[in-house]
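Accompanying notes for the structure given below.
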Amino acid sequence: MADKIKTTRTKELEFGGSIGALLMLIFLPGTVLYLLLTCNTADASVFQVPGPLPPLETLWNPFALTLLLGWMSLQAVLYMLPMGTIAEGITLRDNSRLRYKINAFYAFLVSAVLAGVAVTLRVPLSYVYDHFLEFAVASGIISLALSIFLYIKSLAAPESALAPGGNSGNPLYDFFIGHELNPRIGSFDLKYFCELRPGLIGWCLINLCFLMKDIELRGSASLSMILVCGFQGLYVMDALWHEEAILTTMDIVHDGFGFMLAFGDLCWVPFTYSLQAYFLVRHPQELSTLAAIGIVLLNAVGYIIFRGANSQKNAFRRNPSDPSVTGLETIPTATGKKLLVSGWWGLVRHPNYLGDLIMALAWSLPCGLGHILPYFYVIYFTGLLIHREARDEHQCLKKYGLAWQEYCKRVPYRIFPYIY
Ligand SMILES: NC(=O)C1=CN([C@@H]2O[C@H](COP(=O)(O)OP(=O)(O)OC[C@H]3O[C@@H](n4cnc5c(N)ncnc54)[C@H](OP(=O)(O)O)[C@@H]3O)[C@@H](O)[C@H]2O)C=CC1
Ligand SMILES: CC(C)CCC[C@@H](C)[C@H]1CC=C2C3=C(CC[C@@]21C)[C@@]1(C)CC[C@H](O)C(C)(C)[C@@H]1CC3
C-alpha cells in the first residue's frame with residue numbers, strides 16, 4: 001500500500017528555501033551563544049558590541065555532554081516504562097494511525113522526585129549555572145548529531161513516511177525542515193519524545209539549578225526568581241498534563257523531524273526559554289508586592305485564555321456534541337468539519353496564541369524594565385507565532401476554502417483584538 005503512494009514534492013519552501021535554511025543553521029546556534037554570553041556580562045546590554053567568542057576549549061566540556069546524555073537516557077527510560085495510556089494519532093497518508101504512549105506527566109513527577117532527592121542530598125546543582133554555556137554547546141552537538149542521524153535514516157524511509165513540508169528534493173532544505181514525518185525506532189517515536197520530554201522537563205530542571213544558585217549566593221531565592229520558576233513550571237506541567245493535544249499540532253501532523261525541531265526541542269527551548277532565570281542570578285531585581293500581584297494576575301489572565309482556547313478547540317474536535325461546547329456557534333465546511341465562531345475562537349482567530357503571549361510578557365516582567373535581554377522570549381515568540389499563524393491560515397484556507405473566508409469575515413482579527 002505504502003509503495004503505491006505517489007511522490008509529492010514540497011513546492012512552497014519556507015524560511016527562504018535552501019539559502020534561508022543554511023543561514024538558520026548558523027543563526028540559531030549563534031543566537032543561543034550570543035544570548036548567554038551577553039547575559040553573563042556586567043551590564044547585560046544588547047547595545048554593546050559582542051565580545052570575541054571564548055576559546056573553543058573552554059566551551060567543550062565532556063562532563064556536561066555526559067550529564068546531558070544521561071538526562072536524555074533517563075527520559076527515554078521513563079517514556080518506555082509501561083505506565084500511562086496509549087492514544088492514536090491522526091490518520092496518515094497510508095491510512096494508518098500511529099500509537100503514542102501518554103505518560104509525560106509521570107515522567108515529570110519522577111524527575112521532580114529525583115530533583116528533590118538531589119536537593120536534599122546537597123548535590124551541587126549550581127554547577128549547571130557555572131557551566132551553562134558548556135551545557136548549551138554540548139546540547140547543540142547532540143542536536144546536530146541527531147539531525148544527521150535523522151536525515152540519513154529518512155533516506156531509507158518509504159515515500160508515504162516523508163513529511164509533506166520536508167520533501168523538496170534539496171538535501172540542505174530537507175535536512176533543516178525534516179525529511180521524515182514520524183521517525184521511529186521500533187515503537188519509540190523520536191519527534192514525539194523530543195518535543196515534550198528532555199527539553200521541556202529539562203527547562204524546569206535548569207530553572208531549579210538557577211534557583212539553587214540564587215540561594216547559594218544570597219541565602220534565599222528572590223521573589224522575581226520564584227515567580228519566573230513558578231510560572232514556567234506551571235506552563236510545562238500544563239503541556240505535559242495535556243500531552244495528547246500535541247498529536248494534532250502542525251509539528252506532529254505536518255512538519256518533519258529535522259534540525260529545526262531537534263535543535264528547537266533540545267537546545268533552543270531549554271537554553272533560551274530559561275534566559276530570565278539565568279539573567280536573575282547575575283542581575284537580581286527588587287520587586288514590590290504590588291508589582292508581584294500585578295504580574296501574577298497578568299500570568300493568570302494569559303493562562304486562562306491559553307488553556308480555555310486550547311481546551312475548547314480540543315473538546316470540540318474530539319466530540320462536537322460535548323456539553324462544554326454545544327452552545328457555541330459554528331460554521332459548516334465542505335470537509336464535514338465545523339469551525340467555532342463564538343466562545344474563545346470568536347474573539348480572535350488564534351486566542352491560544354494571545355494567551356501564550358500574555359504569559360510570555362508576565363515571565364519577563366519580574367526581570368524589571370531596565371534590560372531588553374530578558375524580553376528576548378516575548379520578542380522572539382511574537383515573531384514565531386505571527387509566522388506560525390500565517391502558515392496555519394494558509395493551510396486552513398486550502399482545507400476549508402469559502403468557509404474559512406467566512407470565518408475571517410466574522411472574526412477579523414488574527415491574534416490581538418482590534419490590533420492584528
Ligand atoms: N511555547 C512555545 O514555544 C510554543 C507554543 N505554542 C503553542 O502551542 C499551541 C498549539 O498551537 P498550534 O499547533 O500552532 O495551533 P492551534 O492549536 O492553534 O491549531 C490550529 C488548528 O486549529 C484548527 N482551528 C483553527 N480555527 C478553528 C476554529 N475556529 N474552530 C475549530 N478549529 C479551528 C485548525 O485545524 P483543524 O480544523 O484541522 O482541526 C487549525 O489548523 C498554542 O497554544 C501555541 O500558543 C506553539 C508554538 C511554540
Ligand atoms: C528555533 C526555531 C526557530 C523554532 C523552533 C520551534 C520550537 C522551539 C517550537 C515549535 C513548536 C513548539 C511547541 C512547544 C515548545 C516549542 C516548540 C517545540 C510546546 C511543547 C510548548 C508547551 C505548549 O503547551 C505546547 C502547546 C505543548 C507547545 C507545542 C508546540
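Indexing begins at 1, ligand by ligand and atom by atom, following the structure's order.
- Of the heavy atoms in L340, both backbone and side-chain atoms come closer than 4.0 Å to ligand 1.
- Protein heavy atom nearest atom 20 (C) of ligand 2, with residue, atom name and distance: L196 CD2, 3.8 Å.
- Heavy-atom separations between F263 and ligand 2 are all 4.0 Å or longer.
- For atom 8 (O) of ligand 1, the nearest protein heavy atom is 4.0 Å or more away.
- Relative to atom 29 (C) of ligand 2, the option among E195, R388, M260 with the closest non-hydrogen atom is E195.
- Distances from atom 5 (C) of ligand 2 to the heavy atoms of G199, A245, G383, G264 show the closest one on G264.
- With respect to atom 31 (C) of ligand 1, the closest heavy atom belonging to the protein is R317 NH2, 3.4 Å.
- Residue contact annotation: W268 has no non-hydrogen atom under 4.0 Å from ligand 1.
- Counting protein heavy atoms under 4.0 angstrom from atom 1 (C) of ligand 2 gives one or more.
- Here T249 has no heavy atoms under 4.0 Å from ligand 2, in either its backbone or its side chain.
- Cation-pi contact between R414 and Y407: absent, since separation from the ring centre below 6.0 Å together with deviation from the ring axis within 45° is not met.
- Put simply, atom 25 (C) of ligand 2 has no protein non-hydrogen atoms near it, under 4.0 Å away.
- Both the backbone and the side chain of N352 come within contact range of ligand 1, each with a heavy atom under 4.0 Å.
- Residue contacts with ligand 1: E389 is excluded, as none of its non-hydrogen atoms falls under 4.0 Å.
- Note: H387 and F15 meet the aromatic proximity criterion, with ring centroids under 6.0 Å apart.
- Protein heavy atom closest to atom 24 (N) of ligand 1, with residue, atom name and distance, is K313 CD, 3.7 Å.
- Taking the six-membered ring where the residue is Trp, F271 and F132 present tilted rings, their angle falling between 30° and 60°.
- The protein non-hydrogen atom at the shortest distance from atom 11 (C) of ligand 2 is D251 OD1, 3.3 Å.
- Close approach of ligand 1 to Y235 (heavy-atom distance below 4.0 Å) involves ligand atoms 1 (N), 2 (C), 5 (C).
- In R307, neither the side chain nor the backbone holds a heavy atom less than 4.0 Å from any atom of ligand 2.
- With L35 as the fixed residue, the side chain to side chain contact (heavy atoms under 4.5 Å, CB included) test singles out one of F279, F376, Y377: F376.
- Residue N310 touches ligand 1 through its side chain alone, judged by heavy-atom distances below 4.0 Å.
- Of the heavy atoms in V411, none comes closer than 4.0 Å to ligand 1.
- At least one heavy atom of V269 sits less than 4.0 Å from an atom of ligand 2.
- Tested against Y273 for a ring pair (Phe, Tyr, Trp, His ring centres under 6.0 Å), the candidates Y235, W203, F231 yield a single pass: W203.
- Contacts between D265 and ligand 2, counted as non-hydrogen atom pairs separated by less than 4.0 Å, involve the side chain only.
- When heavy-atom distances to ligand 2 are checked against a 4.0 Å cut-off, F381 has no atom that comes that close, whether in backbone or side chain.
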